[in-house]
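Small disclaimer: the values here were computed from a predicted structure and weren't measured. Within every chain, numbering begins at 1; the chains are lettered A, B, ... in the order of the sequence lines, protein sequences first and strands thereafter. Heavy atoms only: backbone and side chains are in, while hydrogens, waters and symmetry mates are out.
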Amino acid sequence: MKKSQIRPDYPERSDDPLHEVNMEVNGELITRNVSPRILLADFIRHHLGLTGTHVGCEHGVCGCCTVIIDGRAARSCLTFAVQADGSKIRTVESLAQDDGSLHPLQEAFKESHALQCGFCTPGFLMSIVSQLEETEGEIDLSEDGIRVMLSGNLCRCTGYQNIVKAVQSAAKRMYKTN
Amino acid sequence: MKPPIFEYFRPKSIEEAVSVRADHDYSAILAGGQSLIPTMNFRIANPTAIIDISRIDSLAEYRIDDSQIVIGAMVRQRDIELSDSVYKVHPLIRETLEHVAHVPIRCRGTVAGSLAHADAAAELPALLLVSNGCVVAHSASGARIIDANELFQFHMTTSLADNEIITEVRIPVMHDDAGWAFLEFTRRHGDYAVAGVAVILRFSEDGICEESSIASCGIGSRAVRLPEAEAVLLGKKLDSNIINEASQAGKEYVSAADDTHATTEFRQHVLSTILSRAINIAKSRARYGSE
Ligand SMILES: Cc1cc2nc3c(=O)[nH]c(=O)nc-3n(C[C@H](O)[C@H](O)[C@H](O)COP(=O)(O)OP(=O)(O)OC[C@H]3O[C@@H](n4cnc5c(N)ncnc54)[C@H](O)[C@@H]3O)c2cc1C
Ligand code: FES
Ligand code: FES
């Protein structure tokens, strides 16, 4: 089991009625009481202290806040924490091992220089990981295909060319395709 | 950019959901949340009660019977997109869904939610129209069927009553011989359409067009059928003159005023261009289309 990065407690400041939520986050079971208006992105960042998930636009456009809910990519800014009650969530913190060894996609990002400021990167990683896993690598890995895959994520540093390269090399490593 | 305070309900049955809806003046159904939550984050929508229908098991399924695809209100767009069994009986659905937003949005967004939201530029209302589909709506006083051509009233406005919930979307299967196409023009991949067209055509053995169904989104205050363009094709062999005539007839339906994305004239041009392309593709995919 991985070392926990989850914050044990967070003071609830709102006085609206709270709802209990239970989730598995990065393999760890958690129970918290939250106001229904708390977005999953804020729940992950503030209540759980997992600040790898970033918030850019809060209306679904930028993709920075993408996490994996029950095996599928999702905008955590367009999901209430209460909706994710009973779900399995994976955030960017789940990718690397405890000893610091990187996920093959992270490795490929590093090698291809696919991040600059890095603000968008957690969203890209989670969106790509889920799409590769969902299709077991049976996805169009031509440049055009990868650009469709990435179309839900914006990078203000605009290093898309290197991100495309990274996805190609990661997919090769993960699925031994050509 | 944070949503306002609301009361949260998570019913386990349709009956429970409609009764919560009946008890609250300003309730909103929460399906995938991909349109509702952004509008709440912007404080455009301020519902006092949110009814999360994701735990109503009966809404999470889709099935295909002899004549139609029945899609429960919680079925995600991505599930239908990836379904080979749906593709087999109605290939236009996958082709249309690939134009709706991006994968992570489609993983959460529902088919019914998009229809209920009824954005004038959304693709799925055009799909429902072109397929002669309908939705089933439940309220405390029972269920009724609303045909596609009655459902969409205006941008983000449907004929659903405040106390109703869409429980099912029904889309008739496509005829084996039919050809189909969905095309759209957008500024960026995954955006709402500046103009989009959905076409279904069927031909008799001697190449005469005997079914012609055309719908469009993005060109006015709601998705519409283009009956005058349909009529040009019906009963004829489709040569380039006829196809051109139909695509010109389609222009008449562009009613959107100039906006930041396009002028009316540009939209008309885009519509007629993609319409003639879509007719050609549908024809080439149809059995007997090239006879
Ligand atoms: C960045 C971004 C890009 C997008 N691009 C596109 C695009 O290109 N094309 C497109 O078509 N859409 C697009 N969308 C919208 C997306 O397809 C939504 O998923 C869809 O419009 C709504 O489905 P939902 O299940 O998320 O509904 P929700 O957001 O849960 O609900 C939407 C509305 O419908 C009502 N509603 C939902 N379900 C029911 C029901 N069963 N009965 C009665 N009322 C109901 C809700 O109360 C709400 O008013 C985009 C969204 C985002 C965030
Ligand atoms: S913060 Fe969620 S998509 Fe931009
Ligand atoms: S690396 Fe800077 S926003 Fe993408």
Side-chain angles (χ1 to χ4, degrees), chain A residues 14-19 21 34-42 55-87 123-124 126-128 130-132 134-135 138-139 144 147-154, chain B residues 1-10 12 28-55 60 74 76-79 81-82 84 97-110 113 186-192:
Chain A
S14 92
D15 47 15
D16 1 326
L18 303 182
H19 292 251
V21 295
V34 288
S35 157
R37 67 194 280 258
I38 296 295
L39 297 169
L40 183 62
D42 294 329
V55 172
C57 67
E58 290 189 323
H59 63 284
V61 174
C62 74
C64 284
C65 67
T66 307
V67 298
I68 300 180
I69 305 179
D70 295 328
R72 281 187 168 172
R75 303 291 202 237
S76 59
C77 74
L78 297 187
T79 310
F80 294 118
V82 283
Q83 281 177 284
D85 183 19
S87 298
F124 271 97
M126 299 319 281
S127 175
I128 298 161
S130 78
Q131 291 183 64
L132 288 175
E134 180 183 46
T135 57
E138 298 289 320
I139 191 168
D144 284 352
R147 282 183 184 269
V148 170
M149 229 171 126
L150 303 179
S151 67
N153 292 74
L154 299 179
Chain B
M1 290 296 290
K2 302 293 178 197
I5 291 171
F6 55 84
E7 219 180 323
Y8 177 70
F9 297 92
R10 194 197 284 161
K12 289 232 161 59
I29 302 295
L30 175 61
Q34 303 302 290
S35 294
L36 180 62
I37 300 179
T39 49
M40 290 177 68
N41 286 354
F42 281 125
R43 305 272 172 133
I44 297 168
N46 247 315
T48 52
I50 290 278
I51 306 170
D52 177 352
I53 57 172
S54 66
R55 309 303 149 104
M74 264 320 291
R76 316 274 181 183
Q77 294 160 5
R78 184 76 171 156
D79 288 318
E81 175 191 351
L82 296 180
D84 290 331
L97 279 167
E98 285 170 350
H99 293 275
V100 176
H102 316 284
V103 171
I105 309 272
R106 298 201 292 274
C107 285
R108 301 289 299 170
T110 63
T186 56
R187 289 281 167 191
R188 286 167 300 261
H189 182 91
D191 274 12
Y192 283 104

Peer 1: Where is the tightest heavy-atom contact between B:Leu82 and A:Glu134, given as atom of each residue plus distance?
Peer 2: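 Residues B:Leu82 and A:Glu134, closest heavy atoms: CD1-OE2, 3.7 Å.
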
Peer 1: What part of A:Ile68 gets closer than 4.5 Å to chain B, counting heavy atoms only: side chain, backbone, both or neither?
Peer 2: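 Neither; nothing under 4.5 Å.
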
Peer 1: Select one option (side chain, backbone, both, neither) describing which atoms of B:Ile105 are under 4.5 Å from chain A's heavy atoms.
Peer 2: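 Side chain only.
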
Peer 1: Ignoring hydrogens, what is the shortest heavy-atom contact between A:Phe80 and B:Pro3? Give both atom names and the distance.
Peer 2: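 Nearest pair, atom of A:Phe80 first, then B:Pro3: CE2-CG, 3.6 Å.
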
Peer 1: Any donor-acceptor pair under 3.5 Å linking the side chain of B:Arg10 with the backbone of A:Val82?
Peer 2: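 Yes; at least one donor-acceptor contact below 3.5 Å.
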
Peer 1: Take B:His189 and A:Arg147 through the test side chain to side chain contact (heavy atoms under 4.5 Å, CB included) and record every step on the way to the result.
Peer 2: CA-CA 9 Å; B:His189 182 91; A:Arg147 282 183 184 269; over 6 Å; no

Peer 1: Between CG of A:Asp70 and CZ of B:Arg108, what distance do you get to the nearest 0.5 Å?
Peer 2: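 Answer for the CG-CZ pair, A:Asp70 versus B:Arg108, is 8.0 Å.
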
Peer 1: Which heavy-atom pair separates A:Gln83 from B:Arg55 by the least distance, and what is that distance?
Peer 2: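 Here A:Gln83 and B:Arg55 meet closest at O-NH2, 2.6 Å.
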
Peer 1: Relative to each other, are the rings of B:Tyr8 and A:His19 parallel, tilted or perpendicular (30° and 60° limits)?
Peer 2: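 If you compare the ring of B:Tyr8 with that of A:His19, the planes turn out perpendicular.
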
Peer 1: Which atoms of B:Arg106 come close to chain A, meaning under 4.5 Å heavy atom to heavy atom: side chain ones, backbone ones, both, or neither?
Peer 2: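 For B:Arg106, no heavy atom lies under 4.5 Å from chain A.
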
Peer 1: Is A:Ser127 in contact with chain B via its backbone, its side chain, both, or neither, using a 4.5 Å heavy-atom distance?
Peer 2: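 Contact with chain B involves the side chain of A:Ser127 alone.
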
Peer 1: Name the member of A:Gly86, A:Ser130, A:Gly63, A:Pro36 that forms the most heavy-atom pairs with chain B at distances under 4.5 Å.
Peer 2: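 Among the listed options, the one with the most contacts to chain B is A:Pro36.
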
Peer 1: May I ask you to name which of A:His59, A:Met149, A:Arg37 has the most heavy-atom pairs under 4.5 Å with chain B?
Peer 2: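 That would be A:Arg37.
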
Peer 1: Answer with side chain, backbone, both or neither: which region of A:Asp42 has an atom nearer than 4.5 Å to a non-hydrogen atom of chain B?
Peer 2: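 For A:Asp42, the contact with chain B is made by the side chain alone.
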
Peer 1: Under the criterion side chain to side chain contact (heavy atoms under 4.5 Å, CB included), I'd like the reasoning laid out for A:Leu39 against B:Ile37: C-alpha separation, chi angles, the key distance, then a yes or no.
Peer 2: CA-CA 9 Å; A:Leu39 297 169; B:Ile37 300 179; 3.8 Å; yes

Peer 1: Answer with side chain, backbone, both or neither: which region of B:Ile50 has an atom nearer than 4.5 Å to a non-hydrogen atom of chain A?
Peer 2: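 Neither; nothing under 4.5 Å.
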
Peer 1: So for B:Arg188, is it side chain, backbone, both, or neither that comes closer than 4.5 Å to the heavy atoms of chain A?
Peer 2: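 Contact with chain A involves no heavy atom of B:Arg188 at all.
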
Peer 1: Please step through side chain to side chain contact (heavy atoms under 4.5 Å, CB included) for the pair B:Val103 and A:Val148, ending with a clear verdict.
Peer 2: CA-CA 9 Å; B:Val103 171; A:Val148 170; 6.0 Å; no

Peer 1: Could you tell me which portion of A:Glu58 (side chain, backbone, both or neither) has an atom closer than 4.5 angstrom to a non-hydrogen atom of chain B?
Peer 2: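 When you check distances to chain B, atoms from both the backbone and side chain of A:Glu58 fall under 4.5 Å.
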
Peer 1: If every non-hydrogen atom of B:His102 is compared with every non-hydrogen atom of A:Gly152, which pair is closest and at what distance?
Peer 2: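 Answer, listing the atom of B:His102 first, then A:Gly152: CG-CA, 3.3 Å.
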
Peer 1: Which atoms of B:Leu36 are under 4.5 Å from chain A, going by heavy atoms: the side chain, the backbone, both sets, or neither?
Peer 2: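 Contact with chain A is absent: no heavy atom of B:Leu36 under 4.5 Å.
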
Peer 1: Within the supplied structure, the quantity of interest is the number of heavy atoms (other residues, nucleotides, ligands) at a distance under 6.0 Å from B:Lys2 NZ; does it exceed 12?
Peer 2: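 Check passes, neighbour count above 12.
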
Peer 1: So which heavy atom on A:Cys57 is nearest to which on B:Met1, and how close?
Peer 2: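 It is O-CE, 3.2 Å.
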
